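Worksheet: the structure to be examined is printed underneath.
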Amino acid sequence: MREKREVWEGTLALMVLQTLDVLGPQHGYGIAKRIEQISADMLAINHGTLYPVLSKLEQEGAIACEWGVSENNRRAKFYRVTAAGRKELERERRHWERTGDIIAKFFALKGAAS
Amino acid sequence: VKRIRRFLHRLVASFTHADREDFAAELETHLALLTEDNIRRGLNPAAARREAMLRLGGTSSIVENRRDQRTLPLLDTVPRDLRLAARRLGRERRLVVVCVLTLAVAIGASTTIFSAVNAALIRPLPYVDADRLVQVWETKPQAERWGDWASYPDFDDWSREARAFEGLALFRYGRLRMTYGEYPEMLVGVRVSPNLFSVLLVDPMLGRRFLADEGRPGQTDVVILSYGLWQRQFGSDPAIIGRSIPLDGRNHVVVGVMPPAFDFPTNLQRRRNRRTSESLSFRTPIAAVTTTVWSVD
């Protein structure tokens with residue numbers, strides 16, 4: 001199997017937003033777990049790196065949080081996407097799609113040299 | 001907007017420190033959930049917890065990073081550094097004195113140099129079409145002398161033959177002994193060619209400019225006074241025009257008085273004024289202007 005990829009800067013925030021948008025309110029652990037699942041364990045998240053991202057998104061107003069109780073009856077912070085966060089997500093999505101399209105076109109080129 | 005929002009949040013957080021325990025609890029929950037997960041996967045509780053901690057990556061460093069990220073670390077460290085610096089300086093009195101003096105001298109010097117440069121080079125000359133005014137110097141390569149004042153005969157030649165200029169005027173500043181009133185007085189004066197005012201495009205406030213032939217030998221000596229001198233020594237008397245005053249032992253007829261703003265030659269005046277008698281206040285224009293002494297011996 002291929003080596004697990006590190007998550008690069010900036011994309012993690014996007015994954016968090018998307019995850020929260022799809023699943024609704026989640027705590028940090030849930031988000032980390034979900035991201036790993038979706039990427040079919042190809043991404044290894046150091047769970048610790050998630051919190052700075054969450055904190056930044058929260059300060060930017062893209063997500064909001066409230067305290068709740070987790071599955072194992074512990075106090076946990078649940079994050080959800082705000083309207084501003086959704087807009088940001090939409091913008092980012094379009095950006096990534098466009099980038100992907102462009103890159104795909106380049107890979108589609110079959111040069112005479114190859 | 002996002003950045004501003006984030007900055008405000010951080011600013012507030014810097015002073016509140018509210019969520020530190022909350023965050024610890026949040027991490028603890030995360031750790032517990034990870035551990036349980038590991039136990040479900042068949043690890044024993046101790047190993048499960050260890051694995052979870054590895055996965056999370058050191059809670060204390062996370063907490064610290066988070067503090068730096070949520071607050072403005074500068075607000076914390078800058079006052080601390082300042083206090084430390086002040087204490088250190090307090091211990092090194094002598095060094096501090098030397099440093100402060102060095103700074104003071106350096107700042108003073110650069111300020112002085114700047115004001116001089118500003119007056120002489122940066123600020124435009126206070127004349128009409130100042131960008132078309134140039135000062136012409138004489139250069140004698142064989143004597144290795146550059147930037148000499150031109151002699152009168154040279155000036156004469158230039159005036160006749162140079163085609164590059166609309167007009168050429170000559171001036172030379174120097175001292176004038178005025179024996180008027182009770183005590184003789186030393187003035188700063190400029191000897192000029194009669195056309196100077198036509199070249200600079202300025203007119204006296206009272207009286208007239210010099211006439212073209214007033215510079216010739218044998219003509220009456222004439223003088224135009226600065227506003228400051230006229231005001232101080234002659235009581236702003238408009239009847240001064242036509243009167244004679246003795247300068248350097250020769251009688252000069254006053255033909256005009258310059259307006260207060262006239263400032264010539266701008267970059268020389270400040271330096272000169274300081275050395276002459278108290279009679280010239282710091283910003284008054286050059287005192288007396290006279291012709292005639294251009295006799296060619």
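A note on names: the letters A, B, ... follow the listed sequences, proteins ahead of strands, and every chain is numbered from 1. For clarity, every value in this text was computed on a predicted model and none was experimentally measured.
Ion pairing of K87(A) with E90(A) is absent here, as no side-chain N (NZ or NE/NH1/NH2) approaches a carboxylate O to less than 4.0 Å. Salt bridge status for E28(B) with R49(B): present, with a side-chain N to carboxylate O gap under 4.0 Å.
Contacts between K33(A) and chain B at a heavy-atom distance below 4.5 Å involve the side chain alone, from C-beta outward.
When all heavy atoms are compared, the tightest approach of Q18(A) to R93(A) is OE1-NH1, 3.6 Å. Here the closest non-hydrogen pair linking Y51(A) and G28(A) is OH-CA, 3.7 Å.
One side chain, H47(A) or H30(B), offers a donor N or O that lies under 3.5 Å from an acceptor on the other.
We find the CG-CD distance between D101(A) and E97(A) to be 7.5 Å, quoted to the nearest 0.5 Å.
Within a 6.0 Å radius of CZ in R86(A), other residues, nucleotides and ligands contribute more than 12 heavy atoms.
When A62(A), S55(A), A84(A) are compared by the number of non-hydrogen pairs under 4.5 Å with chain B, S55(A) comes out ahead.
Contacts from residues 34-43 of chain B to chain A, taken as heavy-atom pairs separated by less than 4.5 Å, involve L34(B), E36(B), D37(B) in sequence order.
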